[in-house]
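Report on one structure; see the data block that follows.
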Amino acid sequence: MIKAVIFDMDGVLIDSEPMYLKIEWEFAKTKNPDVKYEELFPMVGATKQDAWTVMERAIHNGQTWQELRMEFKSKVDLFTNTDYTKVFRSEAREILKWLEERGYKMAVASSTQLEVVERVMRDNQIDRYFEAMVSGDQFTMSKPDPEIYHYTAAKLGVKEEECLVVEDSNVGILAAHRAGMKVAALYDSRFLFDQHLADYHIRDLRETADILTKLNDSAERKGGI
């Protein structure tokens, strides 16, 4: 029986990825004007090293990914001046309320820095719904390593098989799958994500309610409570 729902943040609760990618593309073009937006698609949802290795290959100017990332961070404040209410998925509030009313435990497990995660939740007035907010920065290995999901399940006091994860990117889906959790992939046609490992595919966060209803109805019929 599913007792907890864990949400990724970027691309799931907020549609932030196109905004971030545009800023990264603008930086890339200062290094190589021929870099195409599409060349940076693999950066979305990737680990820091994988993402900036994509940037390194696209720019191809002799700088390492570490040098490029350090320069970018020295020049661009990606988070401070961002209005996260403009990229918030409004349907998220509806499904969070539905989950709360039915007693589901909820958490956010994001690769983004914890202070940004907490700010996004506060700015959109949804922080009260979550028993745990977890950042990939807390761990040695990032997604697709499953450590973040094992840790989040423990924080919620549930078993991995009692969790449904809502993700969008390749690495996030793989991390949740490796953790032994059910995965619902939020469809996104823009970045060519490989979502084949997901157990369910949704186009709207509110579809999570149907998944949970079917899963738990089935568990009840099998005496799985």
Side-chain angles (χ1 to χ4, degrees), residues 7-92 109-113 116-117 119-120 123 135-137 141-145 148 165-178 183-198 201-205:
F7 293 90
D8 179 35
M9 185 178 77
D10 291 296
V12 175
L13 294 174
I14 55 173
D15 189 22
S16 53
E17 289 165 338
M19 174 181 65
Y20 292 153
L21 194 63
K22 185 174 183 294
I23 295 169
E24 290 158 349
W25 181 43
E26 288 169 353
F27 170 77
K29 288 192 295 180
T30 67
K31 299 288 185 177
N32 179 352
D34 295 327
V35 175
K36 294 180 174 58
Y37 183 61
E38 295 79 8
E39 289 182 79
L40 303 185
F41 282 1
M43 292 185 72
V44 179
T47 64
K48 290 181 180 69
Q49 180 173 345
D50 289 346
W52 282 89
T53 299
V54 171
M55 179 73 80
E56 178 187 333
R57 287 197 301 265
I59 291 173
H60 193 58
N61 71 341
Q63 287 181 277
T64 65
W65 72 264
Q66 296 98 326
E67 291 168 341
L68 289 166
R69 182 171 178 267
M70 187 177 299
E71 183 179 340
F72 176 81
K73 290 184 71 174
S74 71
K75 292 180 176 179
V76 181
D77 188 344
L78 198 59
F79 304 113
T80 301
N81 299 314
T82 300
D83 183 352
Y84 287 106
T85 64
K86 290 184 177 179
V87 292
F88 178 63
R89 295 191 191 275
S90 58
E91 66 271 19
S110 171
S111 296
T112 302
Q113 299 95 306
V116 177
V117 175
R119 179 190 153 199
V120 171
D123 286 358
S135 165
D137 282 353
M141 300 294 291
S142 302
K143 298 176 185 178
D145 189 278
I148 188 171
V165 174
V166 186
E167 272 279 5
D168 65 326
S169 69
N170 310 18
V171 295
I173 291 167
L174 180 55
H177 176 77
R178 286 175 170 173
V183 187
L186 183 62
Y187 178 73
D188 192 321
S189 63
R190 294 170 294 185
F191 304 115
L192 308 176
F193 289 144
D194 179 0
Q195 299 182 330
H196 80 278
L197 285 176
H201 296 84
I202 59 177
R203 291 177 177 269
D204 186 298
L205 292 175

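Remember, it's a predicted structure, so these values are computed and weren't measured experimentally. Throughout, residue positions are numbered sequentially from 1 according to the sequence presented.
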ask   = Backbone N or O of Ser135 within a donor-acceptor pair of the Gln113 side chain at under 3.5 Å?
value = no

request  = With rounding to the nearest 0.5 Å, note down the distance linking CD in Glu56 to CD in Gln66.
outcome  = 7.5 Å

query = So among Glu39, Met43, Glu24, which one has a side chain to side chain contact (heavy atoms under 4.5 Å, CB included) with Val54?
reply = Met43

key: Inter-residue atom distance Asp10.CG - Met19.CE, 0.5 Å rounding   = 8.0 Å

query = Under 3.5 Å, is there a donor-acceptor pair between the side chain of Arg89 and the main chain of Gly11?
reply = yes

request  = Could you tell me how the ring of Tyr37 sits relative to the ring of Phe41: parallel (under 30°), tilted (30 to 60°) or perpendicular (over 60°)?
outcome  = perpendicular

key: Salt bridge present between Asp168 and Arg190 (N-O < 4.0 angstrom)   = no

message = When you compare the side chain of Val183 with that of Leu197, does any pair of heavy atoms fall below 4.5 Å?
response = no

request  = May I ask you to test the Trp65-Met55 pair for a side-chain heavy-atom distance under 4.5 Å?
outcome  = no

His196 side, atom NE2; Ile173 side, atom CD1 - distance, nearest 0.5 Å = 9.5 Å

query = Where do Val35 and Ala28 come nearest, in terms of heavy atoms and distance?
reply = CG1-CB, 4.1 Å

note = When every non-hydrogen atom of Arg178 is compared with those of Pro144, the smallest separation belongs to NH1-O, 3.3 Å

ask   = Any side-chain heavy atom of Val120 sitting closer than 4.5 Å to one from Thr112?
value = no

note = Heavy-atom nearest pair, Ala46 first then Asp50, reads CB-CB, 4.0 Å

note = Between the NE2 atom in His201 and the CG atom in Leu186, the distance rounded to the nearest 0.5 Å is 11.0 Å

message = What I want to check is whether the side chains of Thr85 and Asp123 have a donor and an acceptor closer together than 3.5 Å.
response = no

ask   = Which value, rounded to the nearest 0.5 Å, describes the distance between Ile23 atom CD1 and Leu78 atom CG?
value = 5.0 Å

Leu40 versus Ala58, closest heavy-atom pair with distance = CD2-CB, 3.8 Å

query = Going through the checks in order, is the side-chain contact (heavy atoms from CB on, under 4.5 Å) test met by Asn61 and Asn32?
reply = CA-CA 8 Å; Asn61 71 341; Asn32 179 352; over 6 Å; no

query = Do you know the tightest heavy-atom contact between Asp8 and Leu13?
reply = O-CG, 3.7 Å

inquiry  = Just verifying a value: how many Å separate Thr82 OG1 and Ile14 CD1, rounded to the nearest 0.5 Å?
reply    = 9.0 Å

task = Could you tell me which non-hydrogen atom of Leu68 sits nearest to which non-hydrogen atom of Phe27, and how far apart they are?
result = O-CZ, 3.8 Å

